[in-house]
Amino acid sequence: MAAVELMTPKTDGSAPTGMHPAPRQAGVMVDTVKWGASIAQIGGYTATGFGFTTWALPFFAVGLLGWLAVGFAWRDKAIVLIHLVAMAAMLTGLATRG
C-alpha cells in the first residue's frame with residue numbers, strides 16, 4: 001500500500017492551485033493529539049460502561065478538546081462541528097445537573 005502524504009496549499013504566492021507537502025513536525029504533532037484524544041474517549045466509554053461516571057466526564061472532555069484541536073488543524077468543518085455540539089451538550093448537562 002502506498003504512503004499518503006498530507007498536502008497543504010502553497011502560501012508563497014505561486015500558482016493558487018499548487019500544493020506542497022505539509023511540514024513533517026506538524027503532522028506528527030497532530031497525529032499525537034489525535035491518538036491521545038482517541039485513547040481518552042475510549043477511556044470515557046470504558047468508564048461509562050463499568051459505572052465509573054465520575055471518571056467518564058474528564059476522559060470525554062480531554063478527548064473532545066483534542067479532536068476539536070485536530071479538526072481546527074485539519075480545517076475539517078465536520079470534525080469541528082460535531083465536537084462543538086458535543087461540548088455544548090456536556091456543558092448543558094453539567095449546568096442542569098441536580
Of all pairs that satisfy salt bridge (Lys or Arg N to Asp or Glu O under 4.0 Å), the ones with a partner from [range], not counting sequence neighbours:
range	value
residues 51-74	none
residues 32-44	Asp31-Lys34
residues 43-57	none

Q | Pairs touching residues 81-91 that satisfy side-chain hydrogen bond (donor to acceptor under 3.5 Å, both in side chains), sequence neighbours left out | A | none
Q) Per the side chain to side chain contact (heavy atoms under 4.5 Å, CB included) rule, which among Val80, Leu65, Val30 passes with Val70? A) Val30
Q) Which ILVMFWY residues are connected to Leu81, directly or by a chain of links, through side-chain heavy atoms under 4.5 Å apart? A) Val85
(Q) Under 4.5 Å side-chain heavy-atom separation, chaining through any Ile, Leu, Val, Met, Phe, Trp or Tyr, what else clusters with Val62? Say none if it is isolated. (A) none
Q.
Would a single hydrophobic cluster contain both Ile39 and Trp55, if residues Ile, Leu, Val, Met, Phe, Trp and Tyr are joined by side-chain heavy-atom contacts under 4.5 Å?
A. no
Q.
Quick check on Ile82: does its CD1 atom have over 12 non-hydrogen neighbours (other residues, nucleotides or ligands) under 6.0 Å away?
A. no
Q: Quick one: pull up CZ in Phe59 and CG in Leu64 and give me the separation to the nearest 0.5 Å.
A: 15.0 Å
Q. Which residues pass the side-chain contact (heavy atoms from CB on, under 4.5 Å) test with Leu57, sequence neighbours left out?
A. Met90, Leu94
For residues 40-53, please give each side-chain donor-acceptor pair under 3.5 Å, one per line with the distance, not counting sequence neighbours.
unit_1: Thr46; atom_1: OG1; unit_2: Ile42; atom_2: O; d: 2.8
unit_1: Thr48; atom_1: OG1; unit_2: Gly44; atom_2: O; d: 2.9

